[in-house]
Amino acid sequence: MQTIHDLRGRLRERQPLIHCITNPISIHQCANAILAVGARPVMAEHPQEVREITETAAALMLNLGNITDVRMASMQIAARAAQERGIPILLDAVGVACSKLRRDYVCDLLGAALPTVIKGNYSEINALYHGAYRCSGVDADAALDVGMLDEVAAALARTCHTVILASGKVDIVTDGTCLVHIRNGTPQLSAVTGTGCMLGALAAAYLAAAPALDAAAAACVTLGVCGQLSETDRGPGSFMMRLMDALSTVTDRDIERRMDREEIRIEAL
C-alpha cells in the first residue's frame, strides 16, 4: 500500500511525459487515463517525429491493436530510441494470439529493444510463449486458467528477461521469480472497448515513477479498484464515464480498503 501511495504522489508531482503509439480505437481512453493519474500523454506516431518525441519522454507505450504499416515502422524507431536512452518500454501485445503478422512483428521488435514490461491478456501471453497456440479474435480464451498462466508468464519473464503482465479475471504480474495476483476488477470492464489498452497506458505511466514489477501491479490494482467503484446498472456508457472520474478521484483510502493483492514466491508453486 505504501508503494502505491508513494507512486501516486510521485506521478502527480513529476507529471512525466508518456509517449504512446497506440490504436485509434482506444487512443482517447488511454490519453485520458494517463492524465487522470497525473502524467502527460503524447500520442505521436509519424515515423519522422517519433524518435525526437520518445527521447523527451519518461516512458514509452507500444500497442499492437489495429496495426498499420506506419505504426509498425514508428514503433521500431521509438523502441530503439528508448533503448538507447534507457527509457522504460511497455509492449502491449494486442492480437498476437490471432495474427501471424503481429507475432512475427513482436519477434522483430524484441530484436530491436527489450521491453521493460510485456502486457497481454491470457491468450496473448500464452501465444508469445507457445508459438503454435492460436485464438479467435483479441479476447482471452476462457479455457486458460490462472494456474496455467502462472507457469507460462513466469517462464516467459525468465526467457525475455522482463516483467510480464497477464490480464484476466485474476491479473498476473511476474518477473520470473515472484508472482503477484491482483483480484480487483469487475466484469463491466470487459463490456466497453479500450479498458485493456487503458491498463497498458496506466502501467506505462507508473513505469515513469517505479520499478517494473511495482508499476505493473499498481496499474492492475488502480484500474481494478476504479472499475469496482464505477459499477452501475445504467449501461456501458455510464460505466465508462464513471471509470474516468474514478481514475482521477480515487483516494489512497479507497485503494487500501479494496485492494486484493497476493504475492507468491515461484518456489511455492
Side-chain angles (χ1 to χ4, degrees), residues 1-23 26-45 50 53-63 78 82 85-92 115-117 119 163 165 167 171 173 180 182 184-186 189 192 194-230 239-259 261:
M1 188 59 229
Q2 186 64 36
T3 298
I4 295 179
H5 168 78
D6 293 344
L7 173 51
R8 282 159 48 83
R10 285 195 297 271
L11 269 183
R12 287 184 166 80
E13 178 183 349
R14 299 175 186 175
Q15 298 182 322
L17 183 69
I18 312 301
H19 183 196
C20 303
I21 304 178
T22 188
N23 65 80
S26 63
I27 193 168
H28 293 96
Q29 292 100 314
C30 290
N32 285 327
I34 290 169
L35 282 169
V37 296
R40 296 176 296 128
V42 58
M43 321 304 275
E45 65 173 51
V50 292
I53 290 173
T54 297
E55 289 175 346
T56 67
L60 172 67
M61 181 186 86
L62 306 175
N63 180 301
R85 294 295 184 100
I87 296 166
I89 303 167
L90 181 134
L91 173 62
D92 196 341
T116 315
V117 175
K119 174 199 166 289
V163 167
L165 192 172
S167 62
D171 294 325
V173 179
V180 182
I182 297 99
N184 292 107
T186 167
L189 283 165
V192 290
T195 53
C197 298
M198 288 168 63
L199 176 58
L202 290 172
Y206 287 153
L207 276 175
L213 193 73
D214 291 340
C220 294
V221 169
T222 301
L223 187 66
V225 168
C226 288
Q228 290 171 314
L229 292 170
S230 304
F239 173 77
M240 180 56 80
M241 286 191 297
R242 288 168 61 88
L243 179 62
M244 285 297 183
D245 288 342
L247 283 169
S248 63
T249 61
V250 66
T251 66
D252 289 341
R253 178 63 174 158
D254 292 330
I255 294 173
E256 182 179 7
R257 290 176 61 186
R258 290 178 175 265
M259 181 170 62
R261 178 186 185 279

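Remember, predicted model here, so these are calculated numbers, not experimental data. Index from 1, following the sequence.
Atom-to-atom distance recorded for Asp252:CG and His5:NE2 is 5.5 Å, nearest 0.5 angstrom. Between atom NE2 of residue His19 and atom CG of residue Leu62 there is a gap of 8.5 Å, rounded to the nearest 0.5 Å. Rounding to the nearest 0.5 angstrom, the gap separating the CD atom in Glu55 from the CD1 atom in Ile53 is 10.5 Å. Separation of atoms CD1 (Ile255) and CZ (Arg8) is listed at 4.0 Å; rounding is to 0.5 Å. Considering CG of Leu60 and CZ of Arg85, their distance stands at 13.5 Å, rounded to 0.5 Å. Atom CG of residue Asp92 and atom OG1 of residue Thr22 lie 7.5 Å apart, to the nearest 0.5 angstrom.
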Would you list the atom pairs, donor with acceptor, under 3.5 Å between side chains in residues 201-230 and any protein atom, with sequence neighbours excluded?
from	atom 1	to	atom 2	distance (Å)
Tyr206	OH	Thr222	OG1	3.0
Thr222	OG1	Ala218	O	2.8
Gln228	OE1	Asn184	ND2	3.2
Ser230	OG	Cys226	O	2.6
Ser230	OG	Arg242	O	3.2
Ser230	OG	Leu243	N	3.3

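Of all heavy-atom pairs spanning Ile18 and Ala39, the tightest one is CG1-CB, 3.9 Å. In terms of heavy-atom proximity, Pro41 sits nearest to Ile34 at N-CG2, 3.8 Å. Considering every non-hydrogen atom in both Asn63 and Cys197, the closest pair reads ND2-SG, 3.3 Å.
Here the side chains of Gln29 and Thr195 are not in contact, with every heavy-atom distance at 4.5 Å or above. A 4.5 Å side-chain heavy-atom check between Leu199 and Leu189 finds every atom pair outside the cut-off. Considering only heavy atoms from C-beta on, Met61 stays 4.5 Å or farther from Lys119 through its side chain. Residues Leu90 and Pro115 form no side-chain contact, since every pair of their non-hydrogen atoms from C-beta on lies 4.5 Å or further apart. Using a 4.5 Å heavy-atom threshold, the side chains of Met43 and Cys30 count as touching. Using a 4.5 Å heavy-atom threshold, the side chains of Met244 and His28 count as separate. Within the 4.5 Å cutoff, side-chain heavy atoms of Ile4 are placed close to those of Met259.
Heavy-atom contacts from other residues, nucleotides or ligands closer than 6.0 Å to CZ of Arg12 number more than 12.
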